[in-house]
Amino acid sequence: MKYPPVHPTVEGMMHGGDYNPDQWLHMPEIIEEDFRLMPLAHCNTFSINIFGWSAIEPEEGVYTFAWLDDIMDRLAEKGYHAILATPSGARPAWLSKAYPEVLRVEADRRRNLHGQRHNHCLTSPVYRQKVKQINRKLAERYKGHPALKMWHISNEYGGACHCDYCQDAFRAWLKRRYDNRLDKLNAAWWTGFWSHTYTDWEQIESPAPHGESMIHGHNLDWKRFVTDQTIDFYRNEIEPLRELTPEIKITTNFMGNYPHMRPFLGLNYRKFADELDVISWDSYPGWHGEKQSTEALAADVAFVHDIYRSLKGGQPFLLMESTPSLVNWHDVNRAKKPGMHELSSLQAVAHGADAILYFQWRKSRGSSEKFHGAVVDHVGHEHTRVFQEVAQLGRTLEQLAPVAGSTVEADVAIIYDWENQWAIDDAQATNNIDKGYASQVQSHYRSFWKHGVPVDVVSMNDDISTYKIVVAPMLYMLKPGVAERIEAYVKNGGTFIATYWSGIVNETDLCFLGGFPGPLKPVLGVWAEEIDSLYKHETVPFTWNGDTYEAHSFVERIHLKGAETIAAFQGGSSPTPAVTKNRLGKGTAYYMASANEQRFYDAFYELLINEHGLASPIAVSIPTGVSVQTRTNGEYAYTFFMNFSEDEKRLTLNGEKKTIHGETIDQVRLRPYGWEVVVEAI
């Protein structure tokens, strides 16, 4: 999809990170040293006050803004940018003591003690009042301040509260959703199961480990409610900011997903994105891991970058948090090897980031994050490998300033949907350890990444009409209108790929009757009779295009209802369809009846890439381990070549090109973890 260029929030790229001078107010010499080091690190942007509530309001109604005034003024004097945070992510102790209702109640109905963070009730009237009050003070004080460039709302929203306030809010939400009709809710949740029919709204509570947890429509609606209630809490937070500083953009930092994590369990970020001016997210992949190669992880990280770029129609995003070295919470906290920090940061830029920011600027002296990576280590000076690599990246980002505001134009979309993930994870079927939705989506994505083909990652409700190829792995849930949009897309000439375990349930998690893949049967031309789950050591061979491949994890028995077989499982009395093709109108729909080895996806999508003329036009071929991504502003195209392997790689270009450094080249030579950027007029 082609997107218009966006005017950047600031001129050029933002570089810097979380700065916590409130931890060092008793050591002013440290703050003096910070401002000496900032220009040496080529940093220009700092997120401040994220956890500063107790420093600006040490007692209820008593405000001490002098230290924050000083920091804001110093940043302005240097020409730096402040991303000023609202401090709701961690309350001061006096607030918890005076108003215990602000403390979150867990699913087991126990109220938390003061401590940790993300430990507030989203519904508490007192907490909402106190948050709005402190935010108004901030907006009144810093409106018009030359350093203020953006508001950072709270920090990594997540989790839920199960207190009485939240139970009442949940019931009110359900009444709105089901038109105040219990019979409609009972039908949607299928509460006749186990005699769980509700006869009064007061009987409904949030899911609990020692209570109701087996009604999947109930679980799904609770997660939807939590997203909506979090958004409502966020709207309460930003009300004084919108009123007093309407010209200042607003963001909040989302959290990403990697194969070893259950992704996005908390919130539907696609819905939340509509409320933000700018998307930002926190990225902490475990580079140089034991279980996954750097090249494979690079593709998975690229996938998440593309999610966040796609959330607001191709608008550039901010990498709000990353580490210049290591984290302190992985099972094994490996430092980035030399060169990896610059490479991984430029990967974010290549996929649409206009900022590379860190947690954290300076390591804390105590508490749980004192060993988390930072630009400034406990030694306190600039003579460290990490500091020098950050400074080098800063110089590179200064060269890449013209890239800011540009975007990525994609002809391919992959559907990844938060609510679909929730429903799949909750289903008691197939493999109850991990059904592999996110990893399956990433496997399909990886084939395009290897060929330098840009991809938008969209939800099932997004417009897909302009893409040449749309891939929808494991589209288990189909909301109203989705099947109809897919059918129209194919009839109008689109190429659509679906897989096993698609078209199983509706938006309230009720199974479609009449056979799977439910409303997608006319598009795909198949009937899926049954699905089998395989053990880890089991595979099933199938043949396609003269070669044999292996299916794993899940295999369906499907029947043709208009489609043709283009790949067949081997074994048994007769081959059964493994991959089918159905022509509908001007387009084509494919169905894959199994989870397949990466080699098959690579070969299959290479064929489609060539058929649609999507291969990267800038290089003759792309070696294994190298990623090629392009951003454009309508006037110039900036193509990033990135080597995620530990071997030197070379690419032959289609003619002579100019690099970002002004050199003319016809071949790109990439050292291990090396990169190059080519600039072309469009």
Side-chain angles (χ1 to χ4, degrees), residues 187-190 193 216-217 219-220 414-417 419-432 434-438 440-441 444 459-461 464 470-490 496-534 540 542 551-569 572 575-584 588-596:
W189 287 4
W190 207 253
F193 171 78
H216 293 163
N219 297 341
L220 193 56
I414 289 183
I415 294 178
Y416 175 88
D417 192 278
E419 294 190 9
N420 189 52
Q421 173 81 65
W422 298 340
I424 287 174
D425 284 350
D426 205 25
Q428 292 162 285
T430 63
N431 184 326
N432 285 320
D434 182 12
K435 298 177 185 67
Y437 174 54
Q440 191 61 207
V441 175
H444 290 260
S459 79
M460 72 173 78
N461 288 329
I464 59 173
V470 174
V471 187
M474 296 177 69
L475 196 56
Y476 170 82
M477 175 194 293
L478 287 175
K479 297 179 184 177
V482 173
E484 291 80 359
R485 284 197 299 276
I486 291 171
E487 185 170 343
Y489 166 76
V490 175
F496 178 71
I497 298 94
T499 76
Y500 64 96
W501 210 228
S502 291
I504 308 297
V505 301
N506 68 6
E507 65 175 344
T508 64
D509 216 358
L510 297 184
C511 290
F512 291 114
L513 302 180
F516 304 138
L520 290 176
K521 286 189 297 179
V523 182
L524 298 168
V526 298
W527 165 45
E529 179 185 357
E530 63 178 344
I531 186 168
D532 194 11
S533 306
L534 305 182
V540 176
F542 65 95
H552 61 84
S553 302
F554 303 101
V555 174
E556 280 184 339
R557 177 182 295 275
I558 66 173
H559 303 276
L560 303 180
K561 296 295 180 180
E564 61 177 304
T565 299
I566 63 171
F569 294 117
T576 58
V579 182
T580 62
K581 179 178 182 179
N582 192 44
R583 299 186 189 279
L584 188 67
T588 307
Y590 294 90
Y591 189 77
M592 299 180 184
S594 56
N596 304 317

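Position 1 is the first residue of the sequence, and the numbers go up from there. This structure is a prediction, so every number in the text was calculated from the model and none was measured.
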Is there a donor-acceptor pair under 3.5 Å between the side chain of [X] and the backbone N or O of [Y]?
X	Y	answer
Lys521	Gly514	yes
Asn420	Met474	yes
His216	Asp426	yes
Arg557	Asp532	no
Ser594	Val555	no
Tyr591	Trp527	no

What pair of heavy atoms forms the shortest contact from [X] to [Y], and how long is it?
X	Y	value
Ile415	Ala472	CD1-CB, 4.0 Å
Gly217	Asp509	N-CB, 4.3 Å
Lys435	Ala429	CE-O, 3.3 Å
Ala427	Asn432	O-OD1, 3.5 Å
Leu220	Glu419	CD1-O, 4.0 Å
Thr588	Arg583	OG1-NH1, 4.0 Å

Using the side-chain contact (heavy atoms from CB on, under 4.5 Å) rule, take Ile531 and Phe516 through it: C-alpha gap first, then chi angles, then the decisive distance, then the call. CA-CA 11 Å; Ile531 186 168; Phe516 304 138; over 6 Å; no
Got [X] and [Y] here, is their nearest side-chain heavy-atom distance under 4.5 Å?
X	Y	result
Cys511	Val505	yes
Phe496	Leu584	no
Val490	Asn582	no
His444	Met592	yes
Trp190	Thr508	no
Leu478	Phe512	yes
Thr576	Ile558	no
Pro517	Leu524	yes

Straight-line distance of [X] [atom1] to [Y] [atom2], nearest 0.5 Å:
X	Y	atom1	atom2	result
His559	Glu529	NE2	CD	3.5 Å
Leu560	Thr580	CG	OG1	7.0 Å
Ile504	Ile424	CD1	CD1	9.5 Å
Met460	Leu475	CE	CG	5.0 Å

Using 30° and 60° as the class boundaries, would you call the ring planes of Trp501 and Tyr476 parallel, tilted or perpendicular?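 Tilted: the ring planes of Trp501 and Tyr476 meet at 30° to 60°.
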Side chains of Asp425 and Gln421: any donor to acceptor distance under 3.5 Å?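 Side-chain D/A pair, Gln421 to Asp425: present.
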